Colleague: 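Structure below; questions to follow.
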Amino acid sequence: MNLPSKIKSILLITICLTILSCETNVEEETPIDENNSCDSDISFASSIKTIIDINCISCHGGNQFPDLRTYEVISANASNIKGQVVSRRMPLNGSLTSEEIELIRCWIDNGALNN
């Protein structure tokens with residue numbers, strides 16, 4: 001095997017492993033029922049902020065727009081956040097569970113309160 005063939009083989013293996021690792025990191029998608037009734041007692045401080053801190057701040061902590069470190073910015077971008085997480089476009093480097101997506105959706109649908 002000459003050098004270019006070894007490089008091609010390593011590259012091919014790396015690409016395959018990358019694709020496979022992405023597939024195993026994604027929760028099986030279950031449809032989000034937007035007509036589902038929501039619990040109106042979802043707390044920003046104990047539920048939503050925790051989800052955002054764990055899943056979003058690594059990118060949206062001042063490095064990427066929007067900066068999701070404060071309630072004011074999160075609530076101002078609530079509609080965009082809802083669209084991004086419900087469609088599973090965000091977070092890029094991981095995935096939210098269906099329960100986390102539903103919590104975010106319900107919190108926003110109930111007025112995105114600072115509670």
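Keep in mind the model is a prediction, meaning the values are calculated, not measured.
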Colleague: Distance check, rounded to the nearest 0.5 Å: C56 atom SG versus D67 atom CG?
Modeller: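 Output value for this atom pair is 11.5 Å.
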Colleague: If every non-hydrogen atom of N77 is compared with every non-hydrogen atom of V73, which pair is closest and at what distance?
Modeller: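 In this case the closest contact between N77 and V73 is ND2-O, 2.8 Å.
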Colleague: Which pair of heavy atoms, one from K49 and one from L68, lies closest together, and at what distance?
Modeller: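 So the minimum-distance heavy-atom pair works out to NZ-O, 3.9 Å.
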Colleague: Tell me the closest heavy-atom pair linking R105 and C38, and the distance in Å.
Modeller: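 Nearest heavy atoms, R105 then C38: NH2-SG, 3.4 Å.
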Colleague: Which heavy atom in I42 sits nearest to a heavy atom in C106, and how many Å separate them?
Modeller: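 The answer is CD1-CB, 3.3 Å.
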Colleague: Do I108 and V86 land in one hydrophobic cluster if side-chain heavy atoms of ILVMFWY residues count as linked below 4.5 Å?
Modeller: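 Yes, I108 connects to V86 through the hydrophobic network.
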Colleague: Between I104 and Y71, is there a shared hydrophobic cluster once you connect ILVMFWY residues whose side-chain heavy atoms come closer than 4.5 Å?
Modeller: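 Looking at the clustering, Y71 is in the same group as I104.
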Colleague: Closest heavy-atom contact between S75 and A112?
Modeller: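 Scanning both residues completely, I find the closest heavy atoms to be CB-O, 4.3 Å.
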Colleague: In the hydrophobic clustering that connects Ile, Leu, Val, Met, Phe, Trp and Tyr at side-chain heavy-atom distances below 4.5 Å, which members other than I54 occupy its cluster, ordered by chain and number?
Modeller: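 Members alongside I54: none; it stands by itself.
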Colleague: Hey, could you give me the CD1/CG distance between I48 and N114, rounded to the nearest 0.5 Å?
Modeller: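 Output value for this atom pair is 12.0 Å.
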Colleague: Below 4.5 Å, heavy atoms only, C-beta onward: do I51 and W107 meet side chain to side chain?
Modeller: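 Not in contact.
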Colleague: Between I52 and H60, is any pair of side-chain heavy atoms under 4.5 Å apart?
Modeller: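 A side-chain contact is absent here, since even the closest heavy-atom pair is not under 4.5 Å.
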Colleague: In chain order, what residues pass the side chain to side chain donor-acceptor pair (under 3.5 Å) check against S46, with sequence neighbours excluded?
Modeller: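 Testing S46 for side chain to side chain donor-acceptor pair (under 3.5 Å), a comparison that skips the adjacent residues, returns S43.
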Colleague: So how far is it from M90 CE to N55 CG, rounded to the nearest 0.5 Å?
Modeller: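 Answer for the CE-CG pair, M90 versus N55, is 12.5 Å.
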Colleague: Can you name the nearest heavy-atom pair linking R89 to L92, along with the distance?
Modeller: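 Of all heavy-atom pairs spanning R89 and L92, the closest is O-CD2, 3.5 Å.
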Colleague: Quick one: does R88's side chain have a donor or acceptor within less than 3.5 Å of a partner on L96's backbone?
Modeller: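 Yes, because the side chain of R88 sits within donor-acceptor range (under 3.5 Å) of the backbone of L96.
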Colleague: Can a donor-acceptor pair be found, under 3.5 Å and without considering hydrogens, that links the side chain of S47 to the backbone of F44?
Modeller: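 No, the answer is negative, given that no donor and acceptor are paired below the 3.5 Å cut-off.
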